[in-house]
Each structure stands twice: as C-alpha cells, then as structure tokens.
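The chains referred to below are lettered A, B, ... by the order of the sequence lines, with proteins before strands, and numbering in each begins at 1. Computed from heavy atoms alone, side chains included, the values below leave out hydrogens, waters and symmetry copies.
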2 protein chains.
Amino acid sequence: MVRPTLKKQIPNLQEVIKETAWKQIAQVGAPALSLRAIARELKITAPAIYNYFPDRDALVTALIMDAYRSFGDWQFEGRDSAPLGEHAKRLKGIGVAYRNWAHEYPQRYQLIFGTPIPGYVYPAETVFPASSHAITPLFSVVEEIRLAEKLIIKSFKPVKKEYEPHFEMWRTSMGSLHPQTHFVAMLIWSRVHGIVSLELQGNIPLFGEDGHALFLAQVQSMISEFIKE
Amino acid sequence: MVRPTLKKQIPNLQEVIKETAWKQIAQVGAPALSLRAIARELKITAPAIYNYFPDRDALVTALIMDAYRSFGDWQFEGRDSAPLGEHAKRLKGIGVAYRNWAHEYPQRYQLIFGTPIPGYVYPAETVFPASSHAITPLFSVVEEIRLAEKLIIKSFKPVKKEYEPHFEMWRTSMGSLHPQTHFVAMLIWSRVHGIVSLELQGNIPLFGEDGHALFLAQVQSMISEFIKE
DNA sequence: TAATTTAATAAACACTGTATATTTACACTG
DNA sequence: CAGTGTAAATATACAGTGTTTATTAAATTA
C-alpha cells in the first residue's frame, strides 16, 4: 500500500506539520528541528512533507511568518487596551504585550530574532508583510504622539541616503512613515527588544516582587523621555 | 601510516582547530559549523579532533569563552580611554567599544547571545568567569558613578529572593555588587544590546551621516538619564 | 470507463557527530 | 640499548540528517 485511502489521510496536513514543528521546537529548540522527527511523530515518511513544503527552509519561513502574525496581533491588542489619545497607556500596552508574547513563546521569539537553523537564510522580502505587521503598532502609536505634538525629540538625525531603498520599503508598507517617528520607534524597539532578549536568555535577575520591575522601569523611562507632559 | 612523525604534525593543533572553526563560522555561520569540515580543511580526520575536545559542544564552549575574553578586553580599553572621574566619557567608551566589537565580529556576537548550535546547551557555570569579564567594565563604571554620588536612580526595586543565588554568583565574582549598580547596569546593558543586535540583523536603518546616529543618541540619552550634572 | 493527476512510500545519496578498534611514533624505564 | 607504555593519529562503522528519484495506488477528471 503506497497511498492511503482518503479516510486514513491526515486532514489539513500542511497545518498539522507546522503544529508538530512548533511542538518540537518548544521541546528541543529551533536549531534541532528535524523533518524526519516531524514525520516520525505523524507516522508518515519524511519525503511526504515535500508535498507541502519544497524544503526545510520553506517550512521554517512559514513558521516565522505565522509567528510574526501572532506577535503583531498581541501588540495590536495591547495598544488598543487603552483608547486613542491615552498615549502613555497605549505605548505601555504595546510594550507589555511584546514582552508577554516573548515569554509565552520564547522559542518563537528566538526563531524570529536569532539565526537558529543551520544554513537557513532569512528571506527578507517574503517575510516582510508579516514582520511589518509586528512593528506597525509601535509605529502607529509614535505617529499618534507626533501628530498630537507631544513627541519629544532630541538629537534627531535623518536617514543615510544609501539606506533609502530599505526605508522606502517601510514607508510604502505603512502608507507613510515620518523620519522622526521612525527614529524614535527604533530607539523604543531596541530598548524593549534588548531587555526581553536578555531576560529570555537568563541574563537578567528578576527585580521587584514579581520580577517585572526592570522591564517596567524601562518602559516608564521611555514614557517620560519621549512623551510631553 | 597511522600516526604521523612529529615533523608532519600540526603544532599547537588545539589552537589551530579553534582558528579554523572561527574562519568557518565567519563563512557559513555558527549553526553550520562542522567538525568534519574543520578536519577536511586541516587535512586530518574528524575523530582526531576528539584528542583535543571531548565533543563538538566542548569546542563551541571554548570558542564562546575566547570570544567573551576578547569582548571584555575591548570594553576595558574603551573604558580606560578616559581617566577616572570622567564618568560620561568612560561610559560612552564602553558603549562604543561594545558596538565596535560586535560589528567587527558579528558571528561571535551571535554565538554568545544566540542559541545557534543544534543541541548545544550553554554551560553557564563553565562560561561564567569569561562572561563576567565582559560585563565587569560596565559594572565598574556604574559603581564609580554611584560612589561619587552622581548616579540618578528612579524606581529602583530590589532583587527577588528566589533569584538571590544567581545574584550571589555575580556578587562574589565582582568582590561586591551594589543592587542599585546592578539595576542601572542592566538597564544600560539591555539598551546597548538591543540596538546592537538589531543593527547586526539589519533591522535598523543607518541614521545620520555615518550611520551611527541612532546608537549615539541611545548612549547620549543614557548619560543624561543616569549621571548627575 | 480510461486517462491523468495526486499523495504517499521505498530506496538511495551525501552529509553529520561520534564510538570503537587499530596502528605506529614517541617517551620513559630497566 | 631493549622493552614497555602512552599518545596521536587513522580506519571503520553506526545512527542520524535533508533531499532526490522512482514507484505505486488512490482520487479526480475527460
């Protein structure tokens, strides 16, 4: 018997393969992800996976894009937990959602921000729609603040000309993206990413009663540094 | 012929293996590091490497420790480019050295801060002496500032009790480590790490004439946030 | 009903890290 | 100087990996 009857086929196998991949990534980490191990768990043979993904890298890319979408969704929810105009609360909402997602799915975070799979090269263009979704909430709130004339900017410097093409990609994707908004958003993102990634690696002690004190101090300091009043 | 005569042996093979590993990491990235590829390049067989490293993970650990030492050395030099008492310049010196090292050796940076090798588990205790060397310059400067009563601290929260053991490890290694110094140093480190790691992955546009503007703004903002006058 | 497409398996290839046994150059001891 | 022991390499083998090719049989379409 080579091809099983429809009744014995796994329905929606493409999704099931991804779910199994996530399960294994959670267990053994992204770098040790194995197509054959996925196949074993699903009781199919490894080449069967090639009917759904042209190679292992394509599977990884699909996982990354799904992760970005979920990551972005959490941040949109975090932002909208406070109404328009509540700049500080909306910004904090994004930061907290960002951190919560990373702590809920540490392997997904490292899949996105590490280079975890041997030989895998990040297909920036393919992933861009999903990755821009995950940065959009931050961009949008900083832009809200700027339009309300509440954005504090010290020492802004414009973008280098050589980098304009990549910058253009962002701008078209966002509709528009003011350079100052971009500048401040990058400062904020880097601070949140820095503390979250060090936390995930166990490099940061758990300050405060619930272990969140350092992160909250980071967020609070950004609010007073970048938002007027 | 099984064992070559002394004249044909590669002298200092342990070091040569590490150098070859670094060369290959620079070419194909840390996750794709291969003992057999190293052996091929050195014209020996793969099991010969086991005379110098018990397994692949031990080689990786040795590489990480060497990287940490070099990383720390650069930061010590950066700190000491300004004399004692010049708090802002010493802090900036560390930040710039941190970034320069990361841009000079991006793969080493990702080897340290990523989880790049399949199945590799970071041996925290073994690596600790080397990794603490790399954070010591920052700790020392923040402590200098605190002792000079120029350290600005808002919203400090003490370390959680459960985390005391790890904290104790740091404290004994450093001689002593004031909690407030630890708190502020972690905030600073996370901001520098965040921006540097996003830069290395190509997520940050190159602001300013030379592309350093965002990083310098980050450093400048830390100086005015944490140092009095 | 016949032809075609599709979804799987089977087998094989070139890799990988690593364990075991073997060989031989070198160092030490009587 | 002879003999022994150790050290540093090779040879071989095993289980695992991603991937390619050929084959089979179920499902779909003409």
- Query: Is the phosphate of D/dG16, meaning OP1 or OP2, less than 4.0 Å from a side-chain N or O of A/Ser34?
  - Reply: no
- Minimum-distance pair of heavy atoms, taken over all atoms of A/Gln218 and B/Ser190: NE2-OG, 2.8 Å
- Message: Any salt bridge linking A/Glu164 with A/Lys161? Criterion: basic side-chain nitrogen under 4.0 Å from a carboxylate oxygen.
- Response: no
- Item | Rounded distance in Å - CG (B/Leu59) to P (C/dG17) | 10 Å
- Note on the structure: When rounded to whole Å, the CG to C1' distance for the pair A/Asp57 and D/dT19 reads 12 Å
- Query: In whole angstrom, what separates A/Ile117's CD1 from D/dT17's C1'?
  - Reply: 14 Å
- Message: A quick test of your reading: do over 12 heavy atoms of other residues, nucleotides or ligands sit less than 6.0 Å from CD of A/Gln14?
- Response: yes
- Item | Sugar-phosphate, base or nothing in reach of A/Leu33, heavy atoms under 4.0 Å | sugar-phosphate
- Message: Checking B/Phe53 against B/Lys18 for the side-chain contact (heavy atoms from CB on, under 4.5 Å) test, could you report, in this order, the C-alpha distance in whole Å, the side-chain angles of both residues, the deciding distance, and whether it holds?
- Response: CA-CA 10 Å; B/Phe53 300 96; B/Lys18 287 199 287 187; 3.8 Å; yes
- Item | Student check: side-chain heavy atoms of B/Phe76 and B/His133 closer than 4.5 Å | yes
- Query: For residues 39-56 of chain A, which residues have at least one heavy atom under 4.0 Å from DNA chain C?
  - Reply: A/Ile44, A/Thr45, A/Pro47, A/Ala48, A/Asn51, A/Tyr52
- Query: Going by heavy atoms in the side chains, are B/Ile25 and B/Leu63 under 4.5 Å from each other?
  - Reply: yes
- Query: With a 3.5 Å cut-off and just heavy-atom distances, do the side chain of A/Arg36 and the base of D/dG16 make a donor-acceptor pair?
  - Reply: no
